> 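Mind looking over this structure? Questions follow.
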Amino acid sequence: MSTTTSTHDLFEVLDPSDFTFTRRAWVDAAPARVYDLVSNVSAIGRWSPNASDVTFDQGAGPRVGAWFSGLNHKDGRQWTTRSQVLRADPGTAFAFVVCGAENRIAQWSWTCHPRGRGSVVEQSWQLLCLDPVPRPCARHHPRRP
């Protein structure tokens with residue numbers, strides 16, 4: 001009887017819903033201003049230590065169905081991701097999914113609600129897929145020239 005576990009076995013045991021986080025914070029800004037900040041994907045590099053060069057595709061913007069690309073880097077590795085906006089409710093909520101609505105790898109979302117002279121902002125991240133081989137999301141939606 002073998003006591004070793006293969007990588008394949010680990011993926012059968014893990015549940016992607018176990019990999020999630022949510023953070024809440026009060027900020028001294030109106031919900032409309034918070035929305036403007038989080039829906040401006042080109043600013044993601046200011047908030048994330050692992051992302052840079054994030055831009056909407058030409059002619060796209062923070063609206064449902066829009067695509068954007070970004071450069072990720074961690075532990076000496078670098079890769080490009082393609083993401084699609086799932087929710088864009090100005091002043092209320094913004095969400096996108098890595099690899100698009102069809103190939104869903106991870107989802108990021110922000111909601112904001114007025115509280116006093118500012119807003120309560122909730123940021124959530126959820127892993128949606130444990131596939132050990134990343135899906136070819138760039139194949140159908142290549143990075144802009």
Side-chain angles (χ1 to χ4, degrees), residues 5 7-145:
T5 303
T7 301
H8 179 72
D9 293 339
L10 289 175
F11 286 103
E12 290 178 4
V13 172
L14 297 174
D15 180 352
S17 66
D18 291 336
F19 298 90
T20 185
F21 78 81
T22 298
R23 296 178 184 156
R24 286 177 198 85
W26 180 87
V27 294
D28 190 12
R33 177 66 180 135
V34 173
Y35 177 86
D36 289 345
L37 291 169
V38 299
S39 66
N40 177 6
V41 299
S42 65
I44 288 175
R46 292 183 6 206
W47 322 116
S48 170
N50 301 322
S52 63
D53 191 31
V54 183
T55 57
F56 277 110
D57 290 359
Q58 188 172 355
R63 63 183 174 275
V64 174
W67 284 88
F68 62 92
S69 299
L71 185 62
N72 289 275
H73 40 86
K74 187 171 175 98
D75 300 329
R77 295 177 298 127
Q78 189 170 288
W79 65 98
T80 299
T81 59
R82 296 282 297 153
S83 298
Q84 186 178 28
V85 177
L86 294 178
R87 187 172 178 191
D89 300 327
T92 304
F94 182 74
F96 65 85
V97 65
V98 177
C99 273
E102 199 172 297
N103 291 311
R104 307 168 63 86
I105 289 180
Q107 181 172 316
W108 291 88
S109 63
W110 292 263
T111 59
C112 44
H113 307 282
R115 173 82 47 92
R117 69 175 201 271
S119 304
V120 172
V121 181
E122 180 174 290
Q123 176 194 33
S124 296
W125 175 85
Q126 181 181 10
L127 185 64
L128 302 170
C129 169
L130 288 173
D131 190 344
V133 178
R135 295 178 176 146
C137 58
R139 183 180 73 205
H140 300 293
H141 304 283
R143 184 168 171 82
R144 71 203 173 279

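Everything numeric in this text was worked out from a predicted model, so none of it was measured.
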> Measure the acute angle between the ring planes of W125 and F21, then classify it against the limits of 30° and 60° as parallel, tilted or perpendicular.
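Aromatic pair W125/F21 classed parallel.
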> Search all heavy atoms of A29 against all heavy atoms of S119 and return the closest pair with its distance.
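Shortest heavy-atom separation between A29 and S119 comes out as O-OG, 2.6 Å.
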> Regarding R82 and D57, does a basic nitrogen lie under 4.0 Å from an acidic carboxylate oxygen?
yes
> For C99 and I105, which heavy atoms make the closest approach, and how far apart are they?
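For C99 and I105, the tightest heavy-atom pair comes out as SG-CD1, 3.5 Å.
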> Looking only at non-hydrogen atoms, find the nearest pair between A60 and R63 and report the distance.
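Heavy atoms of A60 and R63 come nearest at CA-NH2, 3.5 Å.
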> Please check this pair: side chain of S48 against backbone of N50, looking for a donor-acceptor N/O pair closer than 3.5 Å.
yes
> I'd like to know whether V121 forms a side-chain contact (heavy atoms from CB on, under 4.5 Å) with R24, so could you lay out the CA-CA distance, the side-chain angles of the two residues, the decisive distance to 0.1 Å, and finally the verdict.
CA-CA 6 Å; V121 181; R24 286 177 198 85; over 6 Å; no
> Give a yes/no verdict on a cation-pi contact between R33 and Y35, requiring under 6.0 Å between NZ or CZ and the six-membered ring centre and an angle within 45° of the axis.
no
> What distance separates N72 CG from T81 OG1, expressed to the nearest 0.5 Å?
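If we round to the nearest 0.5 Å, N72:CG and T81:OG1 are 4.5 Å apart.
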> Rounded to the nearest 0.5 Å, what separation is found between the OG atom of S39 and the CZ atom of F56?
7.0 Å
> Return each pair, listed once, that meets salt bridge (Lys or Arg N to Asp or Glu O under 4.0 Å) where at least one residue sits in residues 89-99; pairs must be two or more places apart or across chains.
R87-D89
> Which heavy atom of P31 sits nearest to which heavy atom of C112, and what is that distance?
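Closest heavy-atom pair between P31 and C112: O-SG, 3.6 Å.
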> Return the minimal non-hydrogen interatomic distance between S83 and V98, and the atom names on each side.
OG-CA, 3.6 Å
> For H73 and W79: C-alpha separation, side-chain torsions, deciding distance, then whether side-chain contact (heavy atoms from CB on, under 4.5 Å) applies.
CA-CA 6 Å; H73 40 86; W79 65 98; 5.7 Å; no
> For the CD atom of E122 and the OG atom of S109, what is their distance to the nearest 0.5 Å?
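The CD atom of E122 sits 7.0 Å away from the OG atom of S109.
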> With a 4.5 Å limit on heavy-atom distance, are the side chains of S124 and W110 in contact?
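A side-chain contact under 4.5 Å is absent here.
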> Looking at V41, V34, L86, which hits side-chain contact (heavy atoms from CB on, under 4.5 Å) with F94?
V41
> Walk me through it: do V85 and W67 pass the test side-chain contact (heavy atoms from CB on, under 4.5 Å)?
CA-CA 6 Å; V85 177; W67 284 88; over 6 Å; no
> Stepwise, does the side-chain contact (heavy atoms from CB on, under 4.5 Å) test hold for W26 with R115?
CA-CA 8 Å; W26 180 87; R115 173 82 47 92; 3.8 Å; yes
> NE2 of H113 to OG1 of T92: how many Å apart, nearest 0.5 Å?
8.0 Å
> Would you name the heavy atoms of W108 and Q123 that are closest together and state the gap between them?
CZ3-NE2, 3.5 Å
> So how far is it from L128 CG to N103 CG, rounded to the nearest 0.5 Å?
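One gets 11.5 Å once the value is rounded to the nearest 0.5 Å.
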